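Residue numbering restarts at 1 for every chain, and letters A, B, ... go by the order of the sequence lines. Since we're looking at a predicted model, the values are computed, not measured.
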Protein chains: 2
Amino acid sequence: MPRQRSLRQLEELLLHNDYRFTPQRRAIIEVFFDDGSGHLSAEDIYHQVRDKLPDVGLATVYRTLDILENLNVLHKLNFGDGRFRYEINQEGLHHHHHLVCLQCGQVSEVKTDLLNDLEEKIAREHGFNIVDHSLKFYGHCAACNKK
Amino acid sequence: MPRQRSLRQLEELLLHNDYRFTPQRRAIIEVFFDDGSGHLSAEDIYHQVRDKLPDVGLATVYRTLDILENLNVLHKLNFGDGRFRYEINQEGLHHHHHLVCLQCGQVSEVKTDLLNDLEEKIAREHGFNIVDHSLKFYGHCAACNKK
DNA sequence: GTCTGTGCAAAGGGTTTGCATTGTC
DNA sequence: GACAATGCAAACCCTTTGCACAGAC
């Protein structure tokens, strides 16, 4: 099982779903491959895409992000800072959590997932069928602690 | 230790912090006492306050919510539906989690907190000083499952 | 050639801010 | 009576939408 889909695979995914594989969409996907930091806002992506394709419109970015989210290529994140952020869905990276630094705003990831027990308990006690979860820790990151 | 502060105590809290205890602020706080459901949006509060004080402005609601959040009277929540929601902070209700139904939008609460171990581990491994956390489960609630 | 995708600009929705007026301390 | 708080409306920010044009199949 591949850890991350290739550009080629994503092209096929789009075409199989009756979407066209345009230069704009290609460039937007490439931004996610190029940028390792993850957690990109629409504006971040817009600026990076415009380095390659200077005429791209912000609306195109939003429309593409929407498609990619629906195809489960991207995950839409909300850290409460007034804008949505997107990260690429990678197999094996399911259910990681986020550390949001309240000082510098940096978001890092925790791989651990100890929520399975809790999920079972909730499903049992509340009759709630869990599809997804979101766990965020807010605090002060190592770098800010040193200041 | 009281489970919930009284109106009187909140009045003193405001005055001690050089804020005035106006009828508007009183009415806004009362909304939280009257409404048991919790998770109120600014608009929800605005409408309920206007039943008592018809001339209140939405801006006043936002400004008051902001003050009460800073005084740790309220907790600002984000369920990703495009608006912030507020719940009153009660002692003993620290760190409860939310179940967000993807069908009907209803938000209910889970009292369990099994995150202490995980928090310690994260603080140790990442040097991240945790101040708060947010855990949300998305899925289908018992009522929607029956439909 | 058809019809999806694009860019632009305008609209939308929640939240914030400026300012003259009101009213609390 | 000073100055914080209010109400109104405009401004803001991110996101969505309408529309005519461009371009992929």
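- When each of Arg50(B), Gln48(B), Glu43(B) is tested with Tyr46(B) by the rule side chain to side chain donor-acceptor pair (under 3.5 Å), just one qualifies, namely Arg50(B).
- As judged by a 4.0 angstrom heavy-atom cut-off over every strand, Glu43(B) is placed among residues making no nucleic acid contact.
- Side-chain atoms of Asn89(B) come within 3.5 Å of backbone atoms of Asn72(B) as a donor-acceptor pair (strictly under, hydrogens ignored).
- Between the P atom of dC14(D) and the CZ atom of Arg63(A) lies a distance of 19 Å, rounded to the nearest Å.
- If you check dG5(C), dT16(D), dC25(C) against the side chain of Tyr19(A), the one that comes closest is dG5(C).
- The OH-P distance, from Tyr46(A) to dC13(D), rounds to 16 Å in whole Å.
- The side chain of Arg25(B) contributes no N or O atom lying less than 4.0 Å from OP1 or OP2 of dT24(C).
- Of the candidates dT6(D), dT16(C), dT15(D), dT6(D) carries the atom nearest the Thr64(B) side chain, counting heavy atoms from C-beta on.
- Contact annotation: Thr22(A) side-chain N/O to dT6(C) OP1/OP2 distance is under 4.0 Å.
- Looking at Asp66(A), its side chain never comes within 3.5 Å of a backbone N or O of Tyr62(A) through a donor-acceptor pair.
- In this structure, Gln24(A) reaches the dG7(C) phosphate: one of its side-chain N or O atoms is under 4.0 Å from OP1 or OP2.
- When the P atom of dT15(D) is taken as reference, atom CG of Leu58(A) falls 8 Å away, rounded to whole Å.
- When the P atom of dG14(C) is taken as reference, atom NZ of Lys76(B) falls 15 Å away, rounded to whole Å.
- Among the nucleotides dT15(C), dC25(D), dT15(D), the one closest to any side-chain atom of Leu15(A) is dC25(D).
- Each of Asp81(B) and Phe21(B) lies near DNA chain C, and the nucleotide nearest Asp81(B) is the one positioned closer to the 5' end.
- Within the nucleic acid shown, Asp55(B) comes within 4.0 Å of sugar-phosphate atoms alone, with no base atom in reach, counting heavy atoms only.
- Place Tyr62(B) and Ile67(A) on DNA chain C by their nearest nucleotides, and Ile67(A) ends up nearer the 5' end.
- Between the CZ atom of Arg20(A) and the C1' atom of dT4(C) there is a distance of 4 Å, rounded to whole Å.
- Salt bridge status for Asp44(A) with Arg83(A): absent, with no side-chain N to carboxylate O gap under 4.0 Å.
- To the nearest angstrom, P of dC25(C) lies 14 Å from CG of Asn17(B).
- Which of dT15(C), dG7(C), dT6(C) sits closest to the side chain of Val56(A) comes down to dG7(C).
- In this structure, Lys76(A) is not positioned above the aromatic face of Tyr86(A) in the sense of NZ or CZ being under 6.0 Å from the six-membered ring centre and within 45° of the axis.
- dT15(C) atom P lies 12 Å from atom CG of Asp66(B), rounded to whole Å.
- Counting to the nearest Å, the C1' atom of dC14(D) and the NE2 atom of His47(A) are 13 Å from each other.
- Using a 4.0 Å heavy-atom distance criterion, Arg83(A) is classed as a sugar-phosphate-only contact.
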